[in-house]
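First up is the structure itself, then whatever we jot down about it.
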There are 2 protein chains.
Amino acid sequence: MDRVVQRAKRISLVDGEALFQQGDTATRFYLVVEGHMKLFRLAPDGNEKVIELVDTGHTFAEALMFLEQPRYPVGAVALGDTELISVDAADFSAILRDSVDLCLALLGDMSFRLRSLIREIDDLSLHSATCRVAAFILARAPADCDDFDLEIPKHVIASRISVKPETFSRIIKSLKSKNVLEIKGSKVHLLDREALEDAADVCGLPVEAT
Amino acid sequence: MDRVVQRAKRISLVDGEALFQQGDTATRFYLVVEGHMKLFRLAPDGNEKVIELVDTGHTFAEALMFLEQPRYPVGAVALGDTELISVDAADFSAILRDSVDLCLALLGDMSFRLRSLIREIDDLSLHSATCRVAAFILARAPADCDDFDLEIPKHVIASRISVKPETFSRIIKSLKSKNVLEIKGSKVHLLDREALEDAADVCGLPVEAT
DNA sequence: AAAGCGCTTTGATCCATGTCAATTGATATA
DNA sequence: TATATCAATTGACATGGATCAAAGCGCTTT
C-alpha cells in the first residue's frame, strides 16, 4: 500500500484542461480531490455526449484495470480548476491480489456503477427530455434546502442528459412558467418540489391515467 | 465449490415464461445453458425496453451480489424454451472470499459489461436508428458467412435497440432497397457487408465529409 | 465605456421517429 | 377448411426535439 501511495501522483488541471482522450491507453486511474471532471464520448461528427460528471471525492476509470487492452472509452477534461490523485493501475492491481476485502469493495463499487448505467439507459430510452431534466435537477438538490447552485455550465448539463442546450433552456422556461422552480444564473430555487418529482417519474404520461 | 454446485439448481423455462420481475429481491444469479433470456426494463406506461439478450453460455445478474440491498433492476423472461443453472449468491460470495483469482476474473467480467453499457449509451445518444440497426445485425453476423438466422423475434430486436417495430421494418426495407441485405423471415442474407459497416459507424454523417 | 467573447435564451423551421390504423402473413386451434 | 392469434408490414399523420439563425446577457479586457 505504501508503494501505491508513494507512486501516486498529484495532478492539477485548469478549467477545460484535458486529462486523457478517448482511446488513449489506460494505465492509471484517478480520484477527484477538488473540482469536477467531465467524462464524455465523441461521435464521428464531433458531437459530444457527457457520460459522467465526477464530483469531488469520487474516483473514475478504475474499472478499466481489468480489461485486456485497457483504453479509455471516454475523454476526460476538468470543469473548473481541479485537483486529482492519480494511481498506477498495476501497483493497485498488485494490492488487490493481497486483499480479498479490497476486491470485494471494488466489486461493490462496480456493481453500483453498472446499475447506474442501466438506469441511464432506461432514462434515455423510456423517458422524455423534460423528465430527464427534472430528474437531474432533483438529484442535485440537497434534501433539506430549496436553494442551491448547479456548479456546472448549463450546456454541459444539457449534454449529460442528452438534450441540446436550446431544448434544456426551453424546458426550464416551461417549468418556470408552471411555478415549479426558478433559475437565475446557476442558482436554482425550488418552488414546488413535489411537482418536480412528478415530472421526473411520471414523465410524459397523460395525467388522467388511472 | 462443491457446496455451490450442490446447491445450484437447474431450471427449465418455456417460451415467454418469466424468471423474475424487475424489483424482485436478488439472491441468485444464472447461467444460460440452452436458449436465450431477455432482460428488460418497464416504463410506468407499460412500455418495455430490452436491456440485454443473454445467449447460451453466458451468465446474468451476477453483478448484483455486491449491492447492499440487491434487487433485480430488470425483469427476465425466456425467449424460446430455455435451460438455466441458478447459483446462490451467498454461496458464491463465500467462494470469492477464498479465491482472489476468481475475484479478479469477476472484476474483469464486470469491467467488460461496464464498457458495453457505455457503448450502449453512446449508441443511444449519438447514433441514429439506422445506425443501430446496422450495428446490431453486424454484431450478430458470423465473420465468415453471409447467411445466418436472427434467432430472435424482430419486435424484441427492435426493443433491444430502442426503435419501434414499425421503424425497424422500414429501416430493413430501406437497406434492402439499397441492396445491402435481404431478410426473409428470420433468415438474413448479407449482400454488401462493407456498406453495412459504413451504415453502422458513419451513422447519419454526410458521406462527403472529409 | 466600449468592445469582445462565451454562454444562454428565443424564435422559426425541419425532420427522424413515434403513433394510430389497416392489411397481410404465418401458425396454431377448433 | 374456417378462425382466432400474433408478428410483420405498410400508409397517413403527429410531434418532440434538433437545427439554424439571431439577439440578449454577463463577463473580462482595453
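The chains referred to below are lettered A, B, ... by the order of the sequence lines, with proteins before strands, and numbering in each begins at 1. Heavy atoms only: backbone and side chains are in, while hydrogens, waters and symmetry mates are out.
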Atom-to-atom span, CG of B/Asp15 to P of D/dT5 - whole angstrom: 18 Å

Atom-to-atom span, NZ of B/Lys49 to C1' of C/dG18 - whole angstrom: 16 Å

Salt-bridge criterion met for B/Asp55 and B/Arg140 (N-O under 4.0 Å): yes

Main-chain N/O of B/Leu42 paired with B/Gln22 side-chain donor or acceptor, under 3.5 Å: yes

Separation of D/dA8 P from B/Leu150 CG (nearest whole Å): 10 Å

Rounded distance (Å) that lies between atom P of C/dT17 and atom CD of B/Glu166: 14 Å

Gap between atoms CG and C1', on B/Leu124 and D/dG17 respectively (whole Å): 16 Å

Residues A/His127 and A/Asp122: side-chain donor-acceptor under 3.5 angstrom: yes

NZ/NE/NH1/NH2 to OD/OE distance under 4.0 Å, A/Arg113 and A/Glu120: no

A/Arg170 CZ to C/dG11 P, straight-line distance once rounded to whole Å: 9 Å

Distance test, side-chain N/O of B/Lys173 to OP1/OP2 of D/dG11, below 4.0 Å: yes

From C/dG18, C/dT8, D/dA8, nucleotide with atom closest to A/Lys154 side chain: C/dT8

For atom NZ of B/Lys164 and atom P of C/dA21, their distance in whole Å: 15 Å

Rounded interatomic separation in angstrom, taking CZ from B/Phe168 and C1' from C/dG18: 16 Å

side-chain N/O B/Thr167 vs C/dT17 OP1/OP2, d < 4.0 Å: no

5′-ward residue of the pair A/Ile171/B/Val156 relative to DNA chain D: B/Val156

